[in-house]
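Computed from a predicted model, the values in this text were never measured in an experiment. Start at 1 and go down the list; that is how both ligands and their atoms are numbered. Worth knowing before you read on, the calculation uses all heavy atoms, side chains too, and leaves out hydrogens, waters and symmetry mates.
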Amino acid sequence: MQDQVLLQVEDLRVQFPTREGIVRAVEGVSFEIKTGTTLGIVGESGSGKSVMAYALLQAVARPGKIVGGRVLLNLAATMQNGQGEIVDLTALDPRGKKIRSIRGKEIAMIYQEPMTSLSMMHTVGFQIMEAILLHQNVNKQEARQLAIEMLGRVGIARPEQRVDSYPFELSGGMRQRAMIAMALVCTPRLLIADEPTTALDVTTQAQIMELIQELQQEIGMAVLLITHDLGVVAETCNEVVVMYLGEVMEKANVISLFKDPLHPYTRALLRSIPRLGHGKNWELEPIEGMVPDPYNRPSGCPFHPRCPDMMPGVCNVKPLTTTQMVDGRTVRCHLFNE
Ligand code: SF4
């Protein structure tokens, strides 16, 4: 079961038609995730990471829409007997029965902001039980017990009492944990985690990441981790996708990426984070300039206005292509074209 391709994203494109013009938020993104592994998606704000994640679940906010590509979910990889079908999630009705049976059960999502998925009107227990009763064959009593157990596993003290609390009665950190419990309780095969621990203190962050890793081992769950935190990526991910203005600039296994980043943008990202052992006089190097306005996408390579290796007449003119390297990584930069 381990190492089967669970999700294959091929040339995914998402656009937002607006009065100011078309925003190409996700521009030809391709990658795959295997069962039991963690894929990190990194990039600055505005790189299209979250929109891409929403697109996987057919949940892009309007007026955004998927305009091309495929997202293939291998349901066979989620079955013990290896039987099942491959479903193109982009072809499903966003409000249809099929995608609703996949959301929460096969693919669950956790967000940076818990109120995105928790309702103030119902107790956390009610909301977690609702997810359980929708996807599992258990009665209310058993669902309540499962909810209490999961609240305990995400580190909520006295879960048998907290199960009857409303979200507004909980602290921000506890709400975050309750939302994570709701996502994990149906043991999804793929967990999409969009900056899941940013709002938490370091100890809770570590606890949550440990729990996610435990579940990975127990059920072979794959994780798509969207984060700014390259430290978390180094510790938890197998593969990494680096995004900039909706495009995948580099894709590599985590060791190669940190040891030998190829793309100028990846190198700039890595230079901009603090590292141990550099002494107190070592200064961080922020990335020059800002992510460009999505309405005025630069011609040629979108990173060219900020790139220290920019080749005038090439990088600002020629469209980018993706180069497949011998070690299996990919890089989207004219420096690597033949
Ligand atoms: Fe820099 Fe040119 Fe490569 Fe873009 S294509 S990252 S501008 S060297």
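Excluding water, every protein N/O/S atom under 2.8 Å from atom 3 (Fe) of ligand 1 is given here by residue and atom: C333 SG.
Applying the side chain to side chain donor-acceptor pair (under 3.5 Å) test to every pair with at least one member in residues 231-240, sequence neighbours left out, gives no pairs at all.
At a cut-off of 3.5 Å, with distance as the only test, a side-chain donor of T266 or E250 sits close to an acceptor on the other residue.
Results of the side chain to side chain contact (heavy atoms under 4.5 Å, CB included) test with T38 over Q213, M209, Q216 single out Q216 as the only residue that passes. With Y265 as the partner, the side-chain hydrogen bond (donor to acceptor under 3.5 Å, both in side chains) test is satisfied by one option alone out of E247, E44, R306, R332: E44.
In the displayed structure, N137 atom CG is contacted under 6.0 Å by at most 12 heavy atoms of other residues, nucleotides or ligands.
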Side chain to side chain contact (heavy atoms under 4.5 Å, CB included) evaluation trace for L146 with Q136: CA-CA 11 Å; L146 284 171; Q136 295 183 38; 3.8 Å; yes

